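Everything numeric in this text was worked out from a predicted model, so none of it was measured. Residue numbering restarts at 1 for every chain, and letters A, B, ... go by the order of the sequence lines.
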Protein chains: 2
Amino acid sequence: MSKSIFYHAGCPICVSAEHDIINLIGAENIDIVHFGEDSSRIPEAEKAGVKSVPALVTPNGNVLHINFGASMEAVKG
Amino acid sequence: MSKSIFYHAGCPICVSAEHDIINLIGAENIDIVHFGEDSSRIPEAEKAGVKSVPALVTPNGNVLHINFGASMEAVKG
């Protein structure tokens with residue numbers, strides 16, 4: 001199985017969702033991207049359709065926005 | 001692992017998310033509840049904190065609202 005990508009920005013809602021998703025899917029199946037640590041990944045996420053964080057992009061390219069931590073506009077600051 | 005519960009109402013966004021979640025977590029790990037087929041489960045979902053569908057309630061009781069198909073108010077009609 002290809003990996004999913006979990007995008008987040010370190011907000012409390014992001015961190016909570018990260019724990020839940022890791023528990024559900026398994027850490028080995030997810031690449032975690034923290035925009036606060038690597039803002040160079042922002043364009044790739046926006047191209048994939050990520051509108052807010054936390055969000056999970058599945059192996060087939062679907063975007064699952066999970067709860068709502070912050071908009072991408074806020075992330076870009 | 002206890003099962004997660006995926007609540008939905010048959011909307012296109014719900015069905016798309018259902019496929020993604022089944023692919024990610026495995027159908028054997030999820031109970032699927034369709035409010036259109038069983039509205040008696042609505043109070044239980046609201047008590048768990050479900051505000052909109054589709055939503056996944058994890059084995060530890062956290063609610064993950066995934067994208068946005070419909071509010072619970074709309075589901076209750």
Tell me whether [X] shares a hydrophobic cluster with [Y], the cluster being built from Ile, Leu, Val, Met, Phe, Trp, Tyr side chains joined at under 4.5 Å.
X     : Y     : result
B:M72 : B:V33 : yes
A:I32 : A:F35 : no
A:I42 : A:I5  : yes
A:V57 : A:F6  : no
B:L64 : A:I22 : yes

Worksheet item: Of the listed residues (A:I66, A:N60, A:D20), which shares the most heavy-atom pairs with chain B below a 4.5 Å separation?
Response: A:D20
Discussion item. Counting heavy-atom pairs closer than 4.5 Å to chain B, which one of A:H65, A:H19, A:K51 comes out on top?
Written reply: A:H65
Worksheet item: Shortest non-hydrogen contact from B:N67 to A:V63?
Response: ND2-O, 3.1 Å
Worksheet entry | Minimum-distance pair of heavy atoms, taken over all atoms of A:P59 and B:L24 | CD-CD2, 4.0 Å
Worksheet item: If you count heavy-atom pairs under 4.5 Å between each of B:I13, B:I21, B:L56, B:N62 and chain A, which one has the most?
Response: B:N62
